[in-house]
S.K.: 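Below you will find the structure I want to go over with you.
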Amino acid sequence: MSYAKVLSAGLVGLAGHPVEVEADLAAGLPAVALSGLPDTALHEARDRVRAAIVNSGESWPNRRITVNLLPATLPKFGSGFDVAIALALLAGAGELPLAPLQGVAVLGELGLDGTVRPVRGVLPMVAAAAGAGVARVVVPVANAREAALVPGLRVRAADTLHRLIAYVRDGAPLLEPPEAPPGNEAAGLDLADVSGQLLGRRALEVAAAGGHHLALIGPPGAGKTMLAERLPSILPELDDETSLEVTSVHSIAGTLPPGAPLLRRPPFQAPHHTTSVAALVGGGSGLARPGSLSLAHHGVLFLDECPEFSARALDALRQPLEHGTVLIARSRGTTKYPARIQLVIAANPCPCAKPGGKQFCECAPAVRRRYLGRLSGPLLDRIDVQVNLPPLSAAELLAGGTPNEPSGPVAERVAKARAAAAARWSEGGWRTNARVPGAVLRRSPWRLPNRDTTGLRRLMDSGELSARGFDRVLRLAWTIADLDGRSRPDASDLGEATMLRTGSRP
Ligand SMILES: Nc1ncnc2c1ncn2[C@@H]1O[C@H](COP(=O)(O)OP(=O)(O)OP(=O)(O)O)[C@@H](O)[C@H]1O
Ligand SMILES: [Mg+2]
Ligand SMILES: [Zn+2]
């Protein structure tokens with residue numbers, strides 16, 4: 001026998017794909033050729049595989065070796081095919097029986113000493129293998145628990161190539177995935193820590209309930225960062241489908257917590273304003289690393305001190321905000337990752353950043369306008385809730401007697417409001433008010449009576465509200481009604497919605 005085939009898997013964007021690794025050994029000058037669209041990392045695989053085989057006590061077949069990865073049209077990145085290549089080679093050389101590898105997908109990078117190293121993206125790759133009918137997988141130990149998240153699959157782990165060889169040759173046992181420790185997703189930050197700031201709290205709750213983007217504008221120390229960091233604490237848990245999606249993105253990024261890999265809480269990403277565009281949107285050589293934008297998929301992307309971000313960074317957010325996906329340009333084609341995020345930005349109203357607020361500001365009015373104006377084109381226009389927080393007074397901070405409302409009850413109101421919205425828009429397939437097209441809200445049967453929209457129409461006619469702003473106020477009004485358990489917004493909801501939309505005006 002001088003031919004063998006071993007199953008593995010690769011990735012295109014977030015989607016895993018089964019890959020077959022074939023090895024053919026022929027008489028002739030000793031050489032190794034790799035084919036099937038391999039990238040540079042795959043060429044390095046040749047050297048790693050050779051060293052790992054030799055250092056595992058096996059002899060390297062001194063023949064003309066051809067390794068081919070199928071399907072040839074699928075772009076392949078990274079080092080996750082090493083182990084499959086090594087096994088295909090040894091089996092092709094007649095050193096290993098083929099039967100124990102039938103129907104088993106194998107993933108893992110090899111160290112020169114023969115250790116099996118973890119790879120990124122195991123969850124979506126293993127899920128794809130399972131989807132293609134594979135019932136058994138062997139993965140690196142550090143990825144075993146992640147692979148075990150895929151239902152209906154027998155997962156075994158290997159720490160060394162030597163152990164895998166012993167398994168194939170003699171039926172020696174592989175390692176079991178370690179037991180998952182009891183759920184330990186950190187009990188996060190809580191709104192109970194936030195004193196006063198009723199407007200900020202309301203804005204946060206409305207944003208959470210409707211899935212609206214949120215801008216918190218206010219002087220230093222008002223609690224903008226505090227509030228933003230507590231948004232996930234009032235958002236509902238991810239359902240099974242979104243949880244798997246989010247976990248897959250983090251699997252590809254290599255940022256899954258080793259303990260309990262399945263992510264159930266909406267993620268929160270807060271890239272620093274000095275973050276590179278690549279770190280924000282994703283990039284890197286080999287298997288593209290998802291950026292903060294994709295790591296925040298189905299969760300919150302928080303841009304603190306937003307005006308300090310580079311114009312390029314802010315500009316790079318525009319398309320993904322619109323489409324819910326981000327395209328990463330590569331030397332060979334593009335990689336697409338999901339990026340359905342809730343954006344929260346925080347900003348001081350002006351560059352002088354005086355703690356006391358407006359009355360202590362030293363900036364010329366033109367400077368103030370320009371500062372936030374940097375955001376207006378690309379971002380502010382897309383943000384439904386924009387509030388101007390007042391400075392926190394000592395009385396508010398010290399208010400004894402009445403405790404601040406904690407996140408728990410707020411999260412309950414948010415969940416109810418979201419359920420009402422999802423039920424209402426189920427026909428259109430929108431899950432939150434923020435996603436409903438303006439035209440739908442302006443048409444029967446959802447159009448609100450003229451007598452309720454008088455104030456709003458006046459704002460538009462006087463040029464204070466754009467058409468886009470008009471629709472955003474409508475969306476907010478629906479969320480406010482949902483939070484209040486009413487089936488339709490009334491004039492007072494529209495009033496509050498207008499206030500929540502126009503707060504960032506200097
Ligand atoms: N509403 C609040 N309730 C309780 N503590 C607060 C509140 N606001 C601010 N603080 C205190 O002030 C600190 C700074 O708050 P935070 O960082 O949220 O302010 P900020 O508005 O983001 O300010 P900056 O513009 O300087 O970033 C907090 O760590 C907290 O100790
Ligand atoms: Mg802050
Ligand atoms: Zn100022």
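Atoms within each ligand, like the ligands themselves, are counted from 1 in listed order. Because only heavy atoms are used, hydrogens play no part in the values below, and waters and symmetry mates are left out as well, while side chains stay in.
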S.K.: Which atoms from ligand 1 have a heavy atom of P220 less than 4.0 Å away?
M.R.: 23 (O), 24 (P), 25 (O), 26 (O)
S.K.: Heavy-atom contacts with E305 under 4.0 Å: which atoms of ligand 1 show up? List them by number with element.
M.R.: 27 (O)
S.K.: Can you tell me the angle formed at the Zn ion (ligand 3) by SG of C350 and SG of C363, to 10°?
M.R.: 110°
S.K.: Evaluating non-hydrogen atoms only, which member of M226, K224, E229 is closest to atom 21 (O) of ligand 1?
M.R.: K224
S.K.: Give a yes or no on whether a salt bridge exists between R318 and D315, defined as a side-chain N under 4.0 angstrom from a carboxylate O.
M.R.: yes
S.K.: Closer than 4.0 Å to some heavy atom of N348 - which atoms of ligand 1 meet that?
M.R.: 25 (O)
S.K.: Within the structure, does T225 bring an N/O atom to less than 3.5 angstrom of an N/O atom in ligand 1?
M.R.: yes
S.K.: Any ion pair linking R431 and D239 (charged N to carboxylate O, less than 4.0 Å)?
M.R.: yes
S.K.: From M226, does some N, O or S atom reach closer than 2.8 Å to the Mg ion (ligand 2)?
M.R.: no
S.K.: State the atoms of ligand 1, each with its element, that fall below the 4.0 Å cut-off from a heavy-atom position in D193.
M.R.: 3 (N), 4 (C)
S.K.: Evaluate V194 for polar contact with ligand 1, using N/O atom pairs at a separation under 3.5 Å.
M.R.: no
S.K.: Please say which of V436, L474, V440 ends up in a side chain to side chain contact (heavy atoms under 4.5 Å, CB included) with W446.
M.R.: V440
S.K.: Tell me: protein heavy atom nearest atom 7 (C) of ligand 1, and distance?
M.R.: L392 CD2, 3.4 Å
S.K.: Go through ligand 1 atom by atom and flag the ones less than 4.0 Å from a non-hydrogen atom of P219.
M.R.: 21 (O)
S.K.: Salt bridge or not between K224 and E229? Use side-chain N to carboxylate O under 4.0 Å.
M.R.: no
S.K.: State if G221 counts as touching ligand 1 under the rule of any non-hydrogen atom under 4.0 Å.
M.R.: yes
S.K.: Taking the basic N atoms (NZ, or NE/NH1/NH2) and the acidic carboxylate oxygens, is any pair closer than 4.0 Å for R475 and D471?
M.R.: no
S.K.: Can you see which heavy atom on P271 is nearest to which on L280, and at what distance?
M.R.: CG-CD1, 3.7 Å
S.K.: Under 4.0 Å between a Lys/Arg side-chain N and an Asp/Glu carboxylate O for R488 and D493?
M.R.: no
S.K.: Verify the contact flag for atom 31 (O) of ligand 1, where contact means a protein heavy atom under 4.0 Å away.
M.R.: no
S.K.: Are E496 and R202 ion-paired here, with the side-chain N under 4.0 Å from a carboxylate O?
M.R.: yes
S.K.: Out of all atoms in ligand 1, which are within 4.0 Å of some heavy atom of S195? Include the element for each.
M.R.: 1 (N), 2 (C), 3 (N), 4 (C)
S.K.: Is it true that R230 and D193 have a side-chain N and a carboxylate O under 4.0 angstrom from each other?
M.R.: yes
S.K.: Between Q197 and ligand 1, does any nitrogen or oxygen pair lie at a separation below 3.5 Å?
M.R.: no
S.K.: Geometry only, no angles: is G223 polar-contacting ligand 1 at N/O separations under 3.5 Å?
M.R.: yes
S.K.: Say whether, by atom type as modelled, one donor and one acceptor occur between the side chain of S251 and the main chain of G121 under 3.5 angstrom.
M.R.: yes
S.K.: Indicate yes or no: does an N/O atom of A222 lie under 3.5 Å from an N/O atom of ligand 1?
M.R.: yes
S.K.: Any side-chain to backbone donor/acceptor pair from T247 onto S243? Under 3.5 Å, distance only.
M.R.: yes
